[in-house]
Amino acid sequence: MAKLAIVSALLDEQKGLLDQLQQPTKRIRAGRSFWSGQWAGHDVVLVLSKVGKVAAASTTVTLIEAFGVERVLFTGVAGGIGEGVKVGDVVVADAFIQHDMDSGPLFPRYEIPLYGRSTLDCDASLSAILFEAVKLGLTGVGDHFHRTSLLEAPNVHRGLIASGDQFVCDPSDVDCLRAGLQSAGHAPLAVEMEGAAVAQVCYDYGIPFAAVRTISDRADAQAHMDFSAFVQQVASPYALAIVSQFMKKLQK
Ligand code: ADE
């Protein structure tokens, strides 16, 4: 049975997931708590990566080298920067790019040096399961938020996510980021701070990777204001509903 890692960046993004773990055991490594156990008959390891690309890469290497994980799922929040990607929507990643990668003039803008590519694809079959899990998972939870008027009914998107070591909270930064990426032929739906790093480590090791992000903000001046409340009240129950469905559908 291929052991699965479930990675989140922040405690509130992971809340609820940990309660599902059967026979949980904790090991501390590289300053992080790795929780091993069973979920729906699967061997899983849950961990908080902390924030940013280096933290995410280091966590992923530890998951693979010290815990023997053979597939990785990332769940968390992101800023919506694609047209029509609104707060409360969910994005399942098809691929990742680093919006802050620039080794010019040695390499083209966004290209990962010595990889000969700018984007890294997510695993098609894990992502297909994840997409189905989001649609099923949000039927119940999304309806609840819709009924209580907290949010419009959520849409589920699939596409490119851009990662970088920056919390984007300024519309002019979003314009700049989008224009640069667009001129290189990329149209990201969302921005966050870890996914591309996890994708690169998984690519290096040949390990399947999938990622889902609930949109917590539009990367504008309001981005930081309701961030914690949103993660606690919306993203955390979304993550639980989505990952629960994902675990049911996942092949052993
Ligand atoms: N994660 C959630 N919102 C974000 C934003 N606006 N920028 C970067 N990472 C995020």
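Values below: all heavy atoms of this structure, side chains included; hydrogens, waters and symmetry mates excluded. Numbers here simply count residues along the sequence, with the first being 1. Numbering of ligands and ligand atoms starts at 1, following listing order.
Ring pair Y115/Y203 is tilted by interplanar angle, where 30° to 60° counts as tilted.
Here is the list of ligand 1 atoms found below 4.0 Å of a heavy atom in V168: 5 (C), 6 (N), 7 (N), 8 (C). Close approach of ligand 1 to A219 (heavy-atom distance below 4.0 Å) involves ligand atoms 6 (N). Taking every non-hydrogen atom of G79 and a distance limit under 4.0 Å, the qualifying atoms of ligand 1 come out as 2 (C), 3 (N), 4 (C). The distance from ligand 1 to the heavy atoms of S216 drops below 4.0 Å at these ligand atoms: 2 (C), 3 (N). Within ligand 1, counting atoms from 1 as listed, the ones closer than 4.0 Å to a heavy atom of F227 are 2 (C).
The protein heavy-atom contact nearest to atom 4 (C) of ligand 1 is F167 CE1, 3.3 Å. At the top of the distance list for atom 9 (N) of ligand 1, counting protein heavy atoms only, stands E192 CA, 3.4 Å. Closest to atom 3 (N) of ligand 1 among all protein heavy atoms lies D217 OD2, 2.7 Å.
For residues 159-183, no residue pair satisfies the salt bridge (Lys or Arg N to Asp or Glu O under 4.0 Å) rule, not counting sequence neighbours.
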- Item | Working for side-chain contact (heavy atoms from CB on, under 4.5 Å), residues Y205 and V72 | CA-CA 11 Å; Y205 282 89; V72 177; over 6 Å; no
- Task: Just do the side-chain contact (heavy atoms from CB on, under 4.5 Å) check on D94 and L160 with the steps written out, would you?
- Result: CA-CA 6 Å; D94 278 339; L160 181 68; over 6 Å; no
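Distances from ligand 1 to the non-hydrogen atoms of Q166 include at least one value under 4.0 Å. Contact between A78 and ligand 1 is present, with at least one heavy atom of the residue lying under 4.0 Å from the ligand.
Under the rule for a side-chain contact (heavy atoms from CB on, under 4.5 Å), the partners of I129 that lie at least two apart in sequence or sit in another chain are F246, K249, L250.
With salt bridges taken as basic N to acidic carboxylate O contacts below 4.0 Å, one links E194 and R213.
A donor-acceptor contact closer than 3.5 angstrom links the side chains of T59 and R32. Side-chain N/O atoms of D121 and T119 include no donor and acceptor closer than 3.5 Å.
Polar contact check, M193 against ligand 1: no nitrogen or oxygen pair lies under 3.5 Å apart.
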